[in-house]
Student: 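Submitted below is the structure of interest, expressed as structure tokens.
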Protein chains: 2
Amino acid sequence: MQNRLTIKDIARLSGVGKSTVSRVLNNESGVSQHTRERVEAVVNQHGFSPSRSARAMRGQSDKVVAIIVSRLDSRSENLAVQTMLPAFYAQGYDPIMMESQFSTERVEEHLQMLSRRNVDGIVLFGFTGVTQELLAVWQSSLVLLARDANGISSVCYDDEGAIRILMENLYARGHRYISFLGVPHCDITTGKRRHDAYLAFCQQHHLEPRSVLPGLGMKQGYEHVAQVLSPNTTALLCATDSLALGASKYLQEQRIDNLQLASVGNTPLITFLHPEIITVDPGYAQAGRQAAAQLIDQINDRASPRQIVVPARLV
Amino acid sequence: MQNRLTIKDIARLSGVGKSTVSRVLNNESGVSQHTRERVEAVVNQHGFSPSRSARAMRGQSDKVVAIIVSRLDSRSENLAVQTMLPAFYAQGYDPIMMESQFSTERVEEHLQMLSRRNVDGIVLFGFTGVTQELLAVWQSSLVLLARDANGISSVCYDDEGAIRILMENLYARGHRYISFLGVPHCDITTGKRRHDAYLAFCQQHHLEPRSVLPGLGMKQGYEHVAQVLSPNTTALLCATDSLALGASKYLQEQRIDNLQLASVGNTPLITFLHPEIITVDPGYAQAGRQAAAQLIDQINDRASPRQIVVPARLV
DNA sequence: CTGTTAGCGCATTCAG
DNA sequence: CTGAATGCGCTAACAG
């Protein structure tokens, strides 16, 4: 990259002082309409844009945020990141990506590196093991996704709501023997909350609950569905799309095709493979948007940490 | 973020001049062992790290690269990015992410933004429509993935090799009626090259080719497999995992289970759903590593643009 | 070998 | 309303 123009050049070219150019660039008041227009003309004409680094050094903020996903190939996180990126770019923030791979040590390493790098903020996709003391330092410049923690911002999915919607739907369709395939309770959100919501609905409607909580992989779904199937089971509710995928493989192999599937996830894959499945969209896209917005607000001191829950929606 | 230490503080704390600290930080020669150690001690003790922005301003390089994926939820690209990230971080580069969504206009926008931001380099996942004139300006600081273009660096997959390996394998297993499900030729690599390799093998072994090239989505696979199935077909070769996924859905619905499936992709999903499938790993992981390495070498003028092909491997 | 000096491009006083 | 001067943290060129 060759010699870029500087604010000084623009000043010379438009016959004003450097500071005037600076004022125009930052939309500051105190510049006559006439001068402003002339400077803007020169700026546009040369496609000038001020040096990030110089600005950062002066300011404090390098306008860089980090997004720490658990895994790059997580469908749900992809959907959230997809809406997050444009939101950050629109505000002039460069998002750098990191992968935690569900390891708290990795998160710690990344956080440390980010603190050195002086990033403005962080969006962290939470998982079991990510505790608030780990994040305490970042409190004011971090948004946790899919998990909540005391004192720090978070954007969570409405686990109870998602399950309730699905159960109501299944119930309305006449199903009375609905089994549940879920995730262990050590996973608070996807595990405990969704399972509890299932149990609550069953109790409220005098249904006999029947559930197993093997984990969140396809494989677990495949290997453990059998345990919740009884002769009178008519519907199967899965806590995640991955579980549903695994379960569906088993069902197909066993030629069981009279079971109504339902799951929370709404990822494109499951919808393609099973158009007849009933799914709830936890609101990944909205969560991404909100997380970005909240983080930016916090960075600019326009908001304090707060817990956000995005609504689930039947599709 | 509170007041961070500066190089000046470290200088004062260790009783030397600023430039000496700078020399130590940059591992420059011309510093006595004794002084170096003392400075390093102070640096470590305070966990000091120099300001990126200040460095960038002085040096030109902000040590930032961009990764432009086509879609965040592309399995293959995920696998490549997964190895790329650590490679960049290891060399002190911050990778910022962008999504092209297969739109050349988006690529153009992003490229323009990146030129303003003065990034050091770019990894771009290519697709049909990405031409060399678009990239010409970046020539020396761009690595194209999965596609090649004149004069610019690229890391490609061995499309011919991948197909040949699979065909040889199928042939060796006794299959003589092998159908092909592929992608239109307007997609040079995944489309034309793979199809041509299939045709070449057929001709060479006097097999009757039978193929259809609907596209690269699951849906296309699902809707068009039927066209290549004849009573004597014993094997089906798919140009991508997505196609295989779509095809397999159709096969399952039609209760056709005497067909040997093969595909190039090796994504975890297909292997889970169809353990019996024969797949070739195009080398996504290695491609990511290589792309990062090549880009870094180019940035540091340790390499000129070159075309790399990663080998395919039967799994 | 080491300290001093002078900018890099910008935002921010401070005078006009 | 506007321009000149100052310094952010760092590296490079220059003296000791």
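Every chain is numbered from 1 and lettered A, B, ... according to where its sequence line falls, protein lines coming before strand lines.
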Student: Do the side-chain N and O atoms of B:Q112 and B:E108 include a donor-acceptor pair separated by under 3.5 angstrom?
Tutor: no
Student: With a 4.0 Å cut-off on N to O distance, would you call B:R147 and B:D187 a salt bridge?
Tutor: yes
Student: Are A:R313 and A:D158 close enough for a salt bridge, meaning some N to O gap below 4.0 Å?
Tutor: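 Judged by the 4.0 Å cut-off on N to carboxylate O distance, A:R313 and A:D158 do not form a salt bridge.
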Student: Within residues 28-47 of chain B, find the residues that approach DNA chain D with a heavy atom at under 4.0 Å, and present them sorted by residue number.
Tutor: B:E28
Student: Tell me the bend of the helix from C:dC1-D:dG16 to C:dG16-D:dC1 as the angle between end helix axes, each from five pairs, rounded to the nearest 10 degrees.
Tutor: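 Both end axes considered, the difference amounts to 40°.
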Student: Which residue pairs satisfy the ring-ring contact (aromatic ring centres under 6.0 Å, His included) criterion with at least one member in residues 72-108 of chain A, sequence neighbours excluded?
Tutor: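 Every ring-ring contact (aromatic ring centres under 6.0 Å, His included) pair that includes a residue of residues 72-108 of chain A, provided the two are not neighbours, is A:F102-A:F127.
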Student: Verify side-chain contact (heavy atoms from CB on, under 4.5 Å) between A:L79 and A:S76, making sure each step is shown before the conclusion.
Tutor: CA-CA 5 Å; A:L79 291 170; A:S76 54; 5.6 Å; no
Student: Kindly indicate whether the side chain of B:I188, heavy atoms from C-beta on, has any atom under 4.5 Å from the side chain of B:T128.
Tutor: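 No. Closest side-chain heavy atoms not under 4.5 Å.
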Student: Restricting to side-chain hydrogen bond (donor to acceptor under 3.5 Å, both in side chains), what partner residues turn up for B:D120, sequence neighbours left out?
Tutor: B:S61
Student: Should B:R52 and B:D94 count as an ion pair when the cut-off is N to O under 4.0 Å?
Tutor: yes
Student: Taking for each residue the nucleotide of DNA chain C with the nearest heavy atom, is it A:S51 or B:G17 whose nucleotide lies nearer the 5' end?
Tutor: B:G17
Student: Report all interatomic pairs (protein N or O, nucleotide N or O of nucleotides 5-7 of chain D) with separations under 3.5 Å.
Tutor:
residue	atom	partner	partner atom	Å
D:dG7	N2	A:R58	NE	2.4

Student: If only side-chain N and O atoms count, and only distance matters, is there a donor-acceptor pair under 3.5 Å linking A:R71 with A:Q101?
Tutor: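 Per modelled atom types, A:Q101 and A:R71 side chains form no pair under 3.5 Å.
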Student: With the side chain counted from C-beta on, respond yes when B:V21 and B:K18 share a heavy-atom pair under 4.5 Å apart, and no when they do not.
Tutor: no
Student: Tell me the interatomic distance from B:L25, atom CG, to D:dC10, atom P, rounded to whole angstroms.
Tutor: 8 Å
Student: Please list, in 5' to 3' order, the outermost nucleotides of DNA chain C lying under 4.0 Å from any heavy atom of chain B.
Tutor: C:dC1 to C:dG9
Student: Measure CZ/A:R116 against P/D:dC10 and give the value in whole Å, please.
Tutor: 13 Å
Student: Take atom CG of A:N150 as the centre, draw a 6.0 Å sphere, and report whether it contains more than 12 heavy atoms from other residues, nucleotides or ligands.
Tutor: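 No, not enclosed.
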Student: So, A:Q298 and A:S140: side-chain donor and acceptor under 3.5 Å apart, yes or no?
Tutor: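 No - no donor-acceptor pair under 3.5 Å links their side chains.
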Student: We want to know whether A:N266 and A:R75 form a side-chain donor-acceptor pair, criterion being a heavy-atom distance below 3.5 angstrom.
Tutor: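 No, no side-chain donor-acceptor pair sits under 3.5 Å.
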